[in-house]
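Data first, discussion second: the structure below is written as structure tokens.
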2 protein chains.
Amino acid sequence: MIGQKIRELREENDFLLRQLAAKMDIDTAQLSKMERGERSFKKEEIIMIAEILNANQEELLTLWLADKIYQIVKGEEQVIEALKIVEHKLPKV
Amino acid sequence: MIGQKIRELREENDFLLRQLAAKMDIDTAQLSKMERGERSFKKEEIIMIAEILNANQEELLTLWLADKIYQIVKGEEQVIEALKIVEHKLPKV
DNA sequence: GTAAATTTGTCAATAACCGTCAAGACAACT
DNA sequence: AGTTGTCTTGACGGTTATTGACAAATTTAC
């Protein structure tokens, strides 16, 4: 989800995996796994990527957060209700 | 949130912490921390508690899941949007 | 004040995560 | 077929986070 988006962005900007990885100062294999959802991005990495690829940071962070949520709720039966509860629990909404 | 609910249920049923802990076969101190949100419940523990306290298992699992989600999203700025994305990503909704 | 119940703190054990590397797969080209 | 470049896979330690177990401290009820 966020990984796929980042891969698209990276390819649009004609960056190779190893080039983006180098700019982020991480291992190429790591980034490969991250883009394919095998490992997860840290928030700081998303921010870094947004800068490097001139992308919308807010949008990426939103996708990143959605991904984290999805990892937790997938497979559970009470997802919808739980999401509703969380929405209502948020401050100043 | 889920902890508070369980504490209420436990007290309604006149169970002491140590009694419920004993039935669950966990440490009393652990359960104390769980009810106060200092540590988290496992799914199996919620199910066990629902049985012991004759409570609505679905409702408890929903609260439990909402809690897990909330732990992740609290403090983030893109929560609402992220929640929406997750909702739309769910199968057969 | 005492006893029971709960909370707090600590520490080792376990599990989850991350960085690094080496080898493998795959396609493009010669 | 062999070479090159890119990406993927798997394995191994190291680090960090979570948990279980216990003792001590605190609170509550009498």
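Chain A is the first sequence line, chain B the second, and so forth, proteins listed ahead of strands; every chain is numbered from 1.
- With a cutoff of under 4.0 Å to any heavy atom of chain B, the contacted region of DNA chain D is bounded 5' to 3' by dT19(D) to dC22(D).
- With sequence neighbours excluded, no residue satisfies salt bridge (charged side-chain N to carboxylate O under 4.0 Å, His left out) with E58(A).
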Please list, one pair per line, the donor and acceptor atoms closer than 3.5 Å that link side chains of residues 41-54 of chain B to other protein atoms, with sequence neighbours excluded.
unit_1, atom_1, unit_2, atom_2, d
K43(B), NZ, E76(A), OE1, 3.0
E45(B), OE1, K42(B), N, 2.8

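- Contacts of residues 8-15 of chain B with DNA chain D (heavy atom under 4.0 Å): none.
- A heavy atom lying under 4.0 Å from DNA chain C marks the following residues of residues 27-47 of chain B, by number: A29(B), S32(B), K33(B), R36(B), R39(B).
- Side chains of M1(B) and I85(A) form a contact here, defined as non-hydrogen atoms less than 4.5 Å apart.
- One N or O on the side chain of Q19(B) and one on the backbone of L16(B) form a donor-acceptor pair closer than 3.5 Å.
- Note: R7(A) CZ to I2(A) CD1 = 13.0 Å, rounded to the nearest 0.5 Å.
- A 4.5 Å side-chain heavy-atom check between I72(A) and L65(B) finds at least one atom pair inside the cut-off.
- A heavy-atom distance below 4.5 Å is not found between the side chains of L63(B) and Q78(A).
- For E59(B), the salt bridge (charged side-chain N to carboxylate O under 4.0 Å, His left out) partners two or more places apart in sequence, or in a different chain, are K5(B).
- Contact footprint of chain B on DNA chain C: nucleotides with an atom under 4.0 Å from a non-hydrogen protein atom, first to last in 5' to 3' order, dA5(C) to dT10(C).
- By the side chain to side chain donor-acceptor pair (under 3.5 Å) test, E11(B) is found to be paired with no residue, residues two or more places apart in sequence or in another chain being considered.
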Exercise for review: Just do the side-chain contact (heavy atoms from CB on, under 4.5 Å) check on Q4(B) and E8(B) with the steps written out, would you?
Suggested key: CA-CA 6 Å; Q4(B) 183 183 334; E8(B) 288 167 7; 3.5 Å; yes
Distance-only criterion, 3.5 Å: show the donor-acceptor pairs between side-chain atoms of residues 25-33 of chain A and protein atoms not counting sequence neighbours.
unit_1, atom_1, unit_2, atom_2, d
D27(A), OD2, A29(A), N, 3.3
Q30(A), OE1, R39(A), NH1, 3.1
S32(A), OG, R36(A), NE, 3.3
S32(A), OG, R36(A), NH2, 3.0

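- To the nearest 0.5 Å, atom NZ of residue K84(A) and atom CD1 of residue I80(A) are 6.0 Å apart.
- Take E81(B) and apply the salt bridge (charged side-chain N to carboxylate O under 4.0 Å, His left out) test, not counting sequence neighbours, and it matches no residue.
- Comparing the local axis fitted to the first five base pairs of the helix from dG1(C)-dC30(D) to dT30(C)-dA1(D) with the one fitted to its last five gives a bend of 30°, rounded to 10°.
- With contacts defined as side-chain heavy-atom distances shorter than 4.5 Å, the pair E87(A)/V79(B) does not qualify.
- Screening residues 60-74 of chain A for side-chain hydrogen bond (donor to acceptor under 3.5 Å, both in side chains) gives Q71(A)-K74(A) as the qualifying pairs, with residues at least two apart or on separate chains.
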